[in-house]
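The figures that follow rest on heavy atoms only: side chains count, while hydrogens, waters and symmetry mates do not.
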Amino acid sequence: MKPPVVVAAAFVMATTTSRTLTTTPTKRRSSPYFAATTTTPPTPPTPPKKRKALEAQQQKETRKGSLPPLVHASVPPHTLFLGTQPSDNSLKYDGYYLTNANAFWPIVGDALGFRRDFYVDGRGDAVNFVRPHLLHDRKLDYSGAVDLLTAKGYAVWDVVLASDRKGSLDSAIRDASFNDVRGFLATYPSIRKICFSTGADSARRFKRAHKAWLDQGAFRPFRDDASRAVFGDLLLRGDDDDDDRDDDGDDRDDDRG
């Protein structure tokens with residue numbers, strides 16, 4: 001019987017130290033200058049036909065798609081990284097995780113021996129809170145980074161095929177359709193692990209979109225708290241912590257590099 005695919009609601013690739021950044025909104029101090037009120041004339045109602053046209057235009061502007069998967073032409077993938085949906089920067093520049101502050105490529109680079117050398121909006125180096133923690137001096141452009149990642153047996157895709165979304169936040173996604181991840185795994189049966197690179201949100205969307213498939217017992221959760229919080233109900237009978245399979249989805253004597 002084919003062993004189940006591991007699903008991890010976290011970016012499981014390298015041991016990293018993460019930071020939690022919190023922001024506290026600044027309260028506006030009371031001031032007599034803000035005490036006065038002004039009266040503005042009421043806005044006239046928009047005619048129905050014009051309103052429908054505006055709504056259609058707004059929906060067209062907020063309907064956003066996705067990118068094709070990244071997979072090596074000759075190296076069978078063992079792990080699929082699934083995000084939620086490409087950001088506006090990624091869609092604009094046609095590449096995965098291109099926002100300057102995104103942690104995906106710095107983590108991949110630390111694991112595979114390079115640092116990201118591709119940025120958007122005129123930036124030429126890593127953002128300030130990332131730069132001091134980079135481990136390697138070797139720089140790769142986007143094409144080189146993709147080639148190295150996929151040559152190591154990693155594939156990259158997203159859960160969402162298209163959605164109505166204002167901006168880039170996952171929380172703004174509405175009316176989503178989903179990529180055929182099941183078909184992708186049928187095409188690449190070598191994949192033994194799915195890692196949700198944007199965390200629990202993309203994992204939960206995947207679970208809702210593919211509930212019938214998941215209920216067939218083809219998956220088991222990774223042994224971390226985040227994964228079990230999302231996929232704990234997928235634990236198979238007889239699948240416990242004494243399982244001798246490697247949680248990385250690899251045979252212990254298999255040298256993939």
Side-chain angles (χ1 to χ4, degrees), residues 2-14 64-87 89-99 102-118 138 140-163 170 176-199 202-203 205-207 209-210 213-214 218-220 222 227 245-251 254-257:
K2 187 176 181 180
V5 174
V6 175
V7 281
F11 193 173
V12 182
M13 182 172 186
K64 296 169 184 177
S66 58
L67 300 172
L70 302 178
V71 61
H72 199 275
S74 59
V75 177
H78 54 77
T79 299
L80 172 61
F81 288 136
L82 278 179
T84 306
Q85 186 180 17
S87 67
N89 279 326
S90 289
L91 292 172
K92 179 179 179 179
Y93 296 104
D94 195 27
Y96 281 91
Y97 304 106
L98 293 187
T99 297
N102 193 286
F104 181 87
W105 289 113
I107 294 174
V108 169
D110 283 354
L112 299 184
F114 71 92
R115 67 167 59 194
R116 169 182 179 174
D117 193 29
F118 46 94
R138 175 193 179 197
L140 290 179
D141 61 13
Y142 179 76
S143 178
V146 168
D147 288 346
L148 180 58
L149 179 64
T150 56
K152 292 293 185 180
Y154 295 94
V156 181
W157 208 14
D158 283 301
V159 175
V160 173
L161 171 65
S163 75
D170 290 355
S177 58
F178 300 95
N179 280 316
D180 183 14
V181 179
R182 185 173 188 173
F184 187 79
L185 264 65
T187 302
Y188 298 99
S190 56
I191 292 174
R192 307 307 314 143
K193 179 185 286 183
I194 297 175
C195 294
F196 295 90
S197 55
T198 48
S202 53
R205 291 178 190 276
F206 174 84
K207 185 179 180 181
H210 301 284
W213 180 31
L214 296 175
F219 296 86
R220 68 181 178 93
F222 193 71
S227 301
R245 286 191 299 273
D246 181 3
D247 267 340
D248 289 334
D250 302 337
D251 295 331
D254 183 12
D255 182 16
R256 289 193 176 96

K.L.:
Contact between Leu149 and Leu70 at the side-chain level, heavy atoms closer than 4.5 Å - yes or no?
P.N.:
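Not in contact.
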K.L.:
Where is the tightest heavy-atom contact between Leu112 and Arg138, given as atom of each residue plus distance?
P.N.:
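So the minimum-distance heavy-atom pair works out to O-NH1, 4.4 Å.
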K.L.:
If the condition is side chain to side chain donor-acceptor pair (under 3.5 Å), which residues does Arg182 pass it with, not counting sequence neighbours?
P.N.:
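For Arg182 the side chain to side chain donor-acceptor pair (under 3.5 Å) partners, ignoring immediate neighbours, are Gln216.
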K.L.:
When rounded to the nearest 0.5 angstrom, what is the spacing between CG in Leu185 and CG in Asp180?
P.N.:
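Reported value, rounded in 0.5 Å steps: 10.0 Å.
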K.L.:
What pair of heavy atoms forms the shortest contact from Phe118 to Asp141, and how long is it?
P.N.:
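In terms of heavy atoms, the two residues are closest at CD2-C, 3.4 Å.
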K.L.:
Just jot down the side chain to side chain donor-acceptor pair (under 3.5 Å) partners of Ser87, sequence neighbours excluded, or say none.
P.N.:
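Applying side chain to side chain donor-acceptor pair (under 3.5 Å) to Ser87 gives Ser90, Thr99.
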K.L.:
Which of these passes side chain to side chain contact (heavy atoms under 4.5 Å, CB included) with Phe178: Asp158, Val159, Leu161?
P.N.:
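Exactly one option meets the side chain to side chain contact (heavy atoms under 4.5 Å, CB included) with Phe178, and it is Val159.
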K.L.:
Taking Tyr96 for the side chain and Leu67 for the main chain, is one N or O donor matched with an acceptor at less than 3.5 Å?
P.N.:
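Between the backbone of Leu67 and the side chain of Tyr96 there is a qualifying donor-acceptor contact (under 3.5 Å).
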K.L.:
Look only at the side chain of Thr150 and the backbone of Val71, and say whether a donor-acceptor pair between them is shorter than 3.5 Å.
P.N.:
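Flag not set: sc Thr150 to bb Val71 has no pair under 3.5 Å.
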K.L.:
I'd like to check the ring pair (Phe, Tyr, Trp, His ring centres under 6.0 Å) partners of Tyr97; sequence neighbours left out, ordered by chain and number.
P.N.:
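Counting only residues at least two positions away or on another chain, Tyr97 forms a ring pair (Phe, Tyr, Trp, His ring centres under 6.0 Å) with Phe104.
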K.L.:
Going by the rule side chain to side chain donor-acceptor pair (under 3.5 Å), which residues pair with Arg116 if we only count those two or more places apart in sequence or in a different chain?
P.N.:
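With sequence neighbours excluded, Arg116 shows a side chain to side chain donor-acceptor pair (under 3.5 Å) to no residue whatsoever.
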K.L.:
Atom OH in Tyr93, atom CG in Leu98: separation rounded to 0.5 Å?
P.N.:
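If I round to the nearest 0.5 Å, the distance is 9.0 Å.
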K.L.:
Could you point out which residue of Val160, Leu82, Thr84, Asn179 forms a side chain to side chain contact (heavy atoms under 4.5 Å, CB included) with Phe206?
P.N.:
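Among Val160, Leu82, Thr84, Asn179, the one meeting side chain to side chain contact (heavy atoms under 4.5 Å, CB included) with Phe206 is Leu82.
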K.L.:
How close do Trp105 and Ala145 get, counting heavy atoms only, and between which atoms?
P.N.:
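Heavy-atom minimum between the residues: CZ3-CB, 3.7 Å.
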K.L.:
Does the pair Lys193 and Phe222 meet the rule for a side chain to side chain contact (heavy atoms under 4.5 Å, CB included), with working shown?
P.N.:
CA-CA 9 Å; Lys193 179 185 286 183; Phe222 193 71; 3.8 Å; yes
K.L.:
Considering residues at least two apart in sequence or located in another chain, which fulfil the ring pair (Phe, Tyr, Trp, His ring centres under 6.0 Å) criterion with Phe184?
P.N.:
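If we apply the ring pair (Phe, Tyr, Trp, His ring centres under 6.0 Å) test to Phe184, skipping adjacent residues, the hits are Trp157, Tyr188.
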K.L.:
Would the distance check show the side chain of Gln85 and the main-chain N or O of Ser66 forming a donor-acceptor pair, the cut-off being under 3.5 Å?
P.N.:
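Absent.
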K.L.:
For the ring pair Trp213 and Phe219, is the centre-to-centre distance below 6.0 Å?
P.N.:
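Centroid separation for Trp213 and Phe219: below 6.0 Å.
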K.L.:
Taking side chain to side chain donor-acceptor pair (under 3.5 Å) as the test, write out the residues that go with Ser74, two or more places apart.
P.N.:
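Result, side chain to side chain donor-acceptor pair (under 3.5 Å) vs Ser74: His72.
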